[in-house]
Amino acid sequence: MSRILSNTDKTHIAKWVGEAQLISIFAHQSPDGDAVGSSLGLANALISMGKKVKVILPDALPVFYYFLQGAHDIVFFHENPDEVKNIIAQSDLRFYLDFNRIDRVGHELAKYLADYTGNSIMIDHHQQPDDVASVLFSDTTFTSTSEMIFQLLHQLDWMEHLNLPAMEAIYTGVVTDTGSFRFPVVTAGTHQMVAFMLERGLNHAKIHQEVYDTQNFNRLQLTGYALGQKLVYRPEKKLAYITLSQAELNRFHHQSGDTEGLVNQALSIGGVTMAVFLREAEEPGIVRCSFRSKGDHDVNVFARQNWNGGGHKNAAGGKFHGTLEQAIELLENLTA
Ligand SMILES: [Mn+2]
């Protein structure tokens, strides 16, 4: 784990990027602001270098990220698996961003990636990354993978390619992964990076407005329902959780990203040290799980040991195989 790329890694990256005819960039399933921000931040910089780039995401992007340049050119595996297979076959360099295990892109897509023998670069700030890439740039002390993309450009002397679209994408990833700069992982270096981008013309207020002030009516109604009817508070366990079934999500015409941030609302109750959000997936028999915690309460370990997931100490995700009711039962038992 290091915040600085070794000279060997830098030489490799510069050579591979220089020679590549087609570079593909992958991020994780249910892409969040950092997945899309790091992908488009890197993509826009590489395009500025004259490179041909394809960003591939496993599934849909929340609508409020479509203001970012390049978002409309993203190829989604769940919509165009054949096109993705072609891109994988043609690309001679890959970036894996904001995930630490290949199966975080989903099992189907992971199979295609596993067969690949060319060069790959993994950039990620989650704990315990798998050894699957030719170069691994991994450090959990970074706020976000987006901040690591800024570092990559800086350390490789590519700052002239940090154009406005790249800065907007990177800033989006940093803002969303830090709860707007309030998590403990934020450092003076994070703010220095932002200061640098502001001096170069970044409009931070525009980004906050795009990401946080463009909610649709259904999403607001869903949030109201989730907090008003579905928030369970267990003060004796210092636990709060929210569960939503597919039927409930459909009632509010749920779109990707609509439930983002709900788990943080549950965590905001004074005294609560762990908040959980359980959402029935579209695929039957799967429940998607989000965990957030305060202080020393480690949800990375909790998610790894019990929920087929992982992440960071204070923010993790997982995937439960079974019904929503069984997931709730497991949660109650594990915290008993
Ligand atoms: Mn991230």
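Heads up: numbering here begins at 1 and tracks the sequence. Just so you know, ligand 1 is whichever comes first in the structure, and atom 1 is the first atom listed for that ligand. Note that the coordinates shown come from a computational prediction; the quantities given were computed from them, not determined experimentally.
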Looking at the Mn ion (ligand 1), is there an N, O or S atom belonging to [X] that lies under 2.8 Å away from it?
{"X": "Asp124", "result": "no"}
{"X": "Asp32", "result": "no"}
{"X": "His125", "result": "yes"}

Exercise. Are the aromatic ring centres of Phe99 and His126 under 6.0 angstrom apart?
Worked result: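 No, the ring of Phe99 stays outside the 6.0 Å limit from the ring of His126, centre to centre.
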Problem set entry | Ring centres under 6.0 angstrom apart (His253, Phe217) |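 No, they do not, as the ring centres are separated by 6.0 Å or more.
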For this session: Mind reading off the angle at the Mn ion (ligand 1) between the OD1 atom of Asp98 and the OD2 atom of Asp34, rounded to 10°?
Result: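 Value, to the nearest 10 degrees: 80°.
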Exercise. Hey, which N, O or S atom on Asp177 ends up closest to the Mn ion (ligand 1)?
Worked result: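 Nearest to the Mn ion (ligand 1) within Asp177's N, O and S set: OD2.
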Exercise. Would Leu202 and Ile170 satisfy side-chain contact (heavy atoms from CB on, under 4.5 Å), going step by step from the backbone distance to the final call?
Worked result: CA-CA 11 Å; Leu202 174 75; Ile170 287 171; over 6 Å; no
Exercise. At their closest point, which heavy atom of Asp98 faces which heavy atom of Ala35, and how far apart are they?
Worked result: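 Of all heavy-atom pairs spanning Asp98 and Ala35, the closest is OD2-N, 3.5 Å.
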For this session: Report yes if the side chains of Thr223 and Leu262 come closer than 4.5 Å at any heavy-atom pair, otherwise no.
Result: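 With C-beta onward as the side chain, the pair touches.
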